[in-house]
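As structure tokens, the structure follows; a few thoughts come after it.
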Amino acid sequence: MKILVFGSMNIDLIFSVDHIVKPGETISSVSLVKSAGGKGANQATALAKAGLPVYMAGKIGQDGQFLLELLRSYGVNTDKVRLYEGATGQAIIQVDKNGQNSIVLYSGGNGQIGIEEIKETIGEFGKDDTIVLQNEVAHLREIMEAAKNQGLRICLNPSPCDEKIEKLPLDLVDLFFVNEIEGAALVSLPSTTQAPQILDRLVERFPRAEIILTAGKDGAYYGFRKTREKGDIIDLPVVDTTGAGDTFTGYFIAARAKNCTVAQALEIACKASSFAVSRKGAMEAIPLGKEVFT
Ligand code: RIB
């Protein structure tokens, strides 16, 4: 089984601030760090650090070469990443003193992925393979349709959750990863709805898909037909929540691929994301498999 992450690759500019800047306000940051990120690249990293063979597909400019080098150093196969003349995607990230973040994206290469390269890349994968997707690249609908035509299993993390999501062929998805806000939005519930209720509605709305609902400090919930499971986080100091969801996604998929039960996979993914939030940054903060599979 091969795993393909077709997704975003970003240069993250991380500003550590006292509080997230308010409209009209100017503040100074305590530090600025340039690092590797993008939900796609982070999820590929988590899968690779968990010990799975993983392929990354996406698009970057010359300024993103360091992303490729870092991904390769983690064992991600980057042969399917295309280079183009423009700029790599960027994320302006503010992280406040409680570890909470706020992100502004510039799509760069992520917005320049073309139909032909989608067909070419996905054509090299087939039945028994899995594709892992997020909502930070162009032509997500075409990627999903091409993947389904090839018989791939589709895992979707519909993040960031914007107006494009409801236009996607969501019934093609086999495994969803959503947080409470994304989950509630998908089934038109108020964002204040309790996680188990959101989960029930998601299971009803997507009867052929497995659903993972992450709930921050409350851990993560799983639903499929009548089955329900729950995983708990480990209580570690929260330093930076950037990439925690990506870490969870990669480790859950990896644990299931290693034949863990759903309950075990939830426990492993919760543990991995607890480690990730206790460290600064996105990709670099993702723990190694030997720290998590113990
Ligand atoms: O999920 C965290 C990621 O979101 C960051 O690395 C940033 O690049 C954005 O894609």
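Just follow the structure's listing: the first ligand is 1, and inside any ligand the first atom is 1.
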Item checked: Residues in side-chain hydrogen bond (donor to acceptor under 3.5 Å, both in side chains) contact with Lys258, at least two apart in sequence or another chain -> none

Next item on the list: Could you list the residues that satisfy side-chain hydrogen bond (donor to acceptor under 3.5 Å, both in side chains) with Thr45, not counting sequence neighbours?
Entry: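 Listed in chain order: nothing, the list is empty.
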
Note to self: Once ring-ring contact (aromatic ring centres under 6.0 Å, His included) is applied, what residue pairs with a partner in residues 252-284 remain, sequence neighbours excluded?
What the structure shows: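 Found Phe177-Phe252.
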
Charged N to carboxylate O below 4.0 Å: is that the case for [X] and [Y]?
{"X": "Lys2", "Y": "Glu124", "result": "no"}
{"X": "Asp240", "Y": "Arg279", "result": "no"}
{"X": "Arg141", "Y": "Glu145", "result": "yes"}

Please produce the table of protein N or O atoms sitting under 3.5 Å from N or O atoms belonging to ligand 1, one pair a line, distance to 0.1 Å.
residue	atom	partner	partner atom	Å
ligand 1	1 (O)	Lys39	NZ	2.9
ligand 1	1 (O)	Asp246	OD2	2.7
ligand 1	4 (O)	Lys39	NZ	3.1
ligand 1	6 (O)	Asp12	OD2	2.6
ligand 1	6 (O)	Gly38	N	3.1
ligand 1	6 (O)	Asn42	ND2	3.1
ligand 1	8 (O)	Asn10	ND2	3.0
ligand 1	8 (O)	Asp12	OD1	2.6
ligand 1	8 (O)	Gly38	N	2.9
ligand 1	10 (O)	Asn10	ND2	3.1
ligand 1	10 (O)	Lys39	N	3.4
ligand 1	10 (O)	Glu136	OE1	2.9
ligand 1	10 (O)	Glu136	OE2	2.8

